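Single-structure report; data block below.
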Amino acid sequence: MNDEKLNIDDLDLFDGQEEVYELITVIDDDGRETDYYVMDGIDVDSTRYLLLVKAEDFEKDEPDAFLFKEEDVQGDECIYVPVEDDEEYSKIILLLQDEESDYEMKF
């Protein structure tokens with residue numbers, strides 16, 4: 001038996017297909033709906049963070065990304081708010097950069 005460990009990242013599980021991103025709708029305080037693609041997510045200190053790109057900007061060469069954090073979960077719905085604290089934002093972005101990802105971030 002071969003003792004080599006299988007690296008799942010080396011497998012082409014999607015047979016050459018592009019990665020699929022989840023589409024979510026965010027409703028702001030004024031009731032306006034905006035669709036976002038979830039580019040990445042991370043759980044830090046029992047808080048979930050999502051890196052989102054507006055669906056309308058997804059095909060741009062360098063779309064703006066937004067960092068949201070989970071505030072509350074009510075059944076099937078979650079309440080996410082933008083990360084506005086500079087220290088928290090920097091911490092989460094650095095953690096996201098440390099992960100292997102299919103995207104590149106510029107600041």
Side-chain angles (χ1 to χ4, degrees):
M1 178 168 205
N2 190 346
D3 288 334
E4 280 188 47
K5 296 207 186 270
L6 178 64
N7 183 349
I8 197 162
D9 293 331
D10 292 336
L11 298 176
D12 189 5
L13 298 175
F14 298 103
D15 195 27
Q17 297 176 7
E18 289 187 31
E19 188 169 351
V20 177
Y21 297 100
E22 182 179 356
L23 183 67
I24 63 170
T25 301
V26 175
I27 303 170
D28 68 15
D29 292 336
D30 296 327
R32 290 184 301 243
E33 294 183 359
T34 305
D35 290 332
Y36 289 90
Y37 282 106
V38 179
M39 301 302 297
D40 206 346
I42 192 168
D43 293 326
V44 177
D45 300 329
S46 73
T47 300
R48 174 162 289 169
Y49 294 87
L50 297 178
L51 185 65
L52 306 176
V53 171
K54 287 183 180 180
E56 64 192 47
D57 297 338
F58 186 74
E59 295 296 326
K60 290 183 178 178
D61 287 337
E62 294 182 12
D64 290 331
F66 303 91
L67 187 61
F68 283 76
K69 71 177 175 178
E70 189 176 83
E71 286 266 314
D72 191 22
V73 177
Q74 300 171 356
D76 290 343
E77 294 192 15
C78 299
I79 296 175
Y80 284 88
V81 296
V83 175
E84 295 178 349
D85 178 73
D86 290 340
E87 187 175 318
E88 179 181 22
Y89 182 90
S90 295
K91 174 185 171 183
I92 301 305
I93 291 298
L94 287 173
L95 290 172
L96 287 170
Q97 285 181 321
D98 284 345
E99 295 185 329
E100 286 189 31
S101 60
D102 293 335
Y103 59 86
E104 181 179 321
M105 289 191 252
K106 292 182 182 181
F107 299 95

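Note that this is a predicted model, so its numbers are computed, not measured.
Residues near Val73 contribute nothing to a hydrophobic cluster around it, because no ILVMFWY side-chain heavy atom sits closer than 4.5 Å to its side chain.
At a threshold of 4.5 Å between non-hydrogen side-chain atoms, the residues Val38 and Ile24 count as touching.
For Phe68, the ring-ring contact (aromatic ring centres under 6.0 Å, His included) test picks out Tyr36, with sequence neighbours left out. Every residue was checked against the side chain to side chain donor-acceptor pair (under 3.5 Å) condition with Asp29, not counting sequence neighbours, and none meets it. Every residue meeting the side chain to side chain donor-acceptor pair (under 3.5 Å) condition with Thr25, not counting sequence neighbours, appears here in chain and number order: Asp35. Residues satisfying the ring-ring contact (aromatic ring centres under 6.0 Å, His included) criterion with Tyr80, sequence neighbours excluded, are absent altogether. The salt bridge (Lys or Arg N to Asp or Glu O under 4.0 Å) check on Asp28 picks up Arg32, with sequence neighbours excluded.
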Stepwise, does the side chain to side chain contact (heavy atoms under 4.5 Å, CB included) test hold for Gln74 with Ile79?
-> CA-CA 8 Å; Gln74 300 171 356; Ile79 296 175; 3.8 Å; yes

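Atoms OG1 and CD1, from Thr47 and Ile92 in turn, are 8.0 Å apart once rounded to the nearest 0.5 Å. The CG atom of Leu51 sits 5.5 Å away from atom CD1 of Ile93, with the distance rounded to the nearest 0.5 Å.
Hydrophobic cluster membership is shared by Ile42 and Tyr89, with clusters built from Ile, Leu, Val, Met, Phe, Trp and Tyr side chains linked at under 4.5 angstrom. In the hydrophobic clustering of this structure, Tyr21 does not group with Leu50; members are Ile, Leu, Val, Met, Phe, Trp, Tyr whose side-chain heavy atoms approach within less than 4.5 Å, directly or through other members. A continuous path of Ile, Leu, Val, Met, Phe, Trp and Tyr side chains, each step under 4.5 Å between heavy atoms, connects Val44 with Leu67, placing both in one hydrophobic cluster.
Note on residues 67-80: pairs passing salt bridge (charged side-chain N to carboxylate O under 4.0 Å, His left out), not counting sequence neighbours, are Lys69-Glu88. Evaluation of the salt bridge (charged side-chain N to carboxylate O under 4.0 Å, His left out) test over residues 48-58, restricted to residues two or more places apart or in two chains, returns Asp43-Arg48, Asp57-Lys60.
A salt bridge is defined here as a Lys NZ or Arg NE, NH1 or NH2 lying under 4.0 Å from an Asp or Glu carboxylate O, and Asp85 with Lys91 fails to meet this definition.
Here the options are Leu96, Val83, Asp40, the test is side-chain contact (heavy atoms from CB on, under 4.5 Å), and the partner is Tyr49; only Val83 passes.
By the 30° and 60° cut-offs, the orientation of the rings of Phe58 relative to Tyr37 is tilted.
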